[in-house]
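Here is the structure we will look at, set down as structure tokens.
Chain letters run A, B, ... following the sequence lines, proteins first and then strands; every chain starts at 1. None of the values given here were measured: they were computed from a predicted structure.
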Protein chains: 2
Amino acid sequence: MIKMSKLTEYAFMVIMALKKSDLPASADYLASVTGLETPTVSKILKLLKKAGLLESKRGSSGGYFLVKRKHEISLNDVIVAIEGGMSLTECAEDDSACHLTQSCYMSAGMKKVNQVILNALQSVTVSDILDEKKKITLQIKP
Amino acid sequence: MIKMSKLTEYAFMVIMALKKSDLPASADYLASVTGLETPTVSKILKLLKKAGLLESKRGSSGGYFLVKRKHEISLNDVIVAIEGGMSLTECAEDDSACHLTQSCYMSAGMKKVNQVILNALQSVTVSDILDEKKKITLQIKP
DNA sequence: CTAAATAGTACTTATTCAGTACCAATTTAA
DNA sequence: TTAAATTGGTACTGAATAAGTACTATTTAG
Ligand code: SF4
Ligand code: SF4
């Protein structure tokens, strides 16, 4: 089964529990809210910060806070932050990842399919996932 | 990185090397054509057969052959055959897989996104991947 | 019968994932 | 100024999955 990692799923829970420009939330607090273990939450927060999705403040009464609103954060942003993105084949992401790229007869096709999926992931935001009213439809045009 | 397994990628190579209603091709022959190891090819063929994508004939001058044409086999068919499919979250595939499904606030949203990706995978066939002329585009409608 | 080929199972190894632990650096607040 | 709170970073462990290998039984053509 191709699926996102648990850590990525947890990352969504953490983002849901955060707010932009609010008082910083500590890893401990977020852990209690989400029901996850503190070290796990901490690991996620570090990854999200490295990706620029949130900022932190050290020291007493410090913590983490979003730098974007939830509708400005795409599903793809989170996946990239936690596990480096999504691409069906190695070459779709990085041409030098597979030495067969030049000669492979399916590399080009896979890249296209991958782009379709990428578009889908980029078009959906964190707040969309909570929004029952937004309809998400797809059309493949020949 | 979320990606398909190597075995799935190899499965495409094997399917490319097969033809419908042709003389059965042995695992050994397919291995030499694709450059993969025979046991690996054999494993793939068994999985593809179990999924109904091809049939086999035992004994001398036996082998495997497709029961569908390449434009009738979707990308999703292959992914399902080899690794059981693709779904971002556990619940998107099977409601009983995660005990949080009933209460989870993102389960519904994830299912929608998953459906978009699934549509993409079902809309592309094995022959499309080789067809440079087919344009694959996506539109998300709000 | 014999050779060729699939069918099925079971095993080993490598890699990735998930979770845990520890301590240094920083900042607030008393 | 001191102590407590909190991030930052690294490193480790165990579990799960993936990838590859090996072996043997069964079936069929000639
Ligand atoms: S070039 Fe071909 S074999 Fe290599 S990663 Fe891309 S699709 Fe796979
Ligand atoms: S119900 Fe929620 S927590 Fe469970 S698999 Fe689905 S999205 Fe993840």
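At whole-Å resolution of the value, CG in B:L7 and C1' in C:dA14 are 15 Å apart. For B:K3 and C:dT15, the NZ to C1' distance is 10 Å, given to the nearest whole Å. The nearest whole Å value for the distance from the CE atom in B:M1 to the P atom in C:dC17 is 10 Å. Straight-line distance from the CD1 atom of B:I2 to the C1' atom of C:dC17: 13 Å, rounded to whole Å. The distance between atom CD of B:E55 and atom C1' of D:dT28, rounded to the nearest whole Å, is 16 Å. Separating the CD atom of A:E37 from the P atom of D:dT13 is a distance of 20 Å, rounded to the nearest angstrom. Atom pair A:Y29:OH and D:dA5:P shows a separation of 18 Å (rounding to whole Å applied). Counting to the nearest Å, the C1' atom of D:dT27 and the CZ atom of B:R58 are 5 Å from each other.
Between the side chain of A:N76 and the backbone N or O of A:L121 there is no donor-acceptor pair closer than 3.5 Å. Between the side chain of B:E83 and the main chain of B:S5, a donor-acceptor pair closer than 3.5 Å is present. The main-chain N or O of B:L18 is found under 3.5 Å from a side-chain atom of B:K70 such that the two form a donor-acceptor pair.
DNA chain C is contacted by both A:T40 and B:D28; B:D28 maps to the nucleotide lying nearer its 5′ end (nearest heavy atom per residue). Between A:A27 and B:E83, the one whose closest nucleotide on DNA chain D sits nearer the 5' end is A:A27.
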Evaluate the criterion side chain to side chain contact (heavy atoms under 4.5 Å, CB included) for residue pair B:L48 and B:I82; output intermediate values, then yes/no.
CA-CA 7 Å; B:L48 293 177; B:I82 305 295; 4.0 Å; yes
Does the pair A:L30 and A:L36 meet the rule for a side chain to side chain contact (heavy atoms under 4.5 Å, CB included), with working shown?
CA-CA 8 Å; A:L30 291 169; A:L36 303 169; over 6 Å; no
Do A:K46 and A:S42 pass the side chain to side chain donor-acceptor pair (under 3.5 Å) test, and can you show the C-alpha distance, the side-chain angles, and the key distance before you say yes or no?
CA-CA 6 Å; A:K46 287 187 219 311; A:S42 191; 3.3 Å; yes
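DNA chain C is contacted by B:K46, B:K49 of residues 42-51 of chain B, taking any non-hydrogen atom closer than 4.0 Å.
Comparing D:dA29, D:dA19, C:dC17 against the side chain of B:S60 picks out D:dA29 as the nearest. Ranking C:dT28, D:dG20, D:dA29 by closeness to the B:Y10 side chain, first place goes to D:dG20. Minimum atom distance to the side chain of B:K6 is reached by D:dA19, of the listed D:dT7, C:dT6, D:dA19. When the nucleotides D:dT28, C:dT20, C:dA18 are ranked by their closest atom to the side chain of A:P39, C:dT20 comes out on top. Listed nucleotides: C:dA7, D:dG8, D:dA29. Nearest to the side chain of A:S56: D:dG8.
Between the CE atom in B:M16 and the OG1 atom in B:T34 there is a gap of 12.5 Å [rounded to 0.5 Å].
Between A:S5 and the phosphate of C:dA18, there is a side-chain N or O to OP1/OP2 separation shorter than 4.0 Å.
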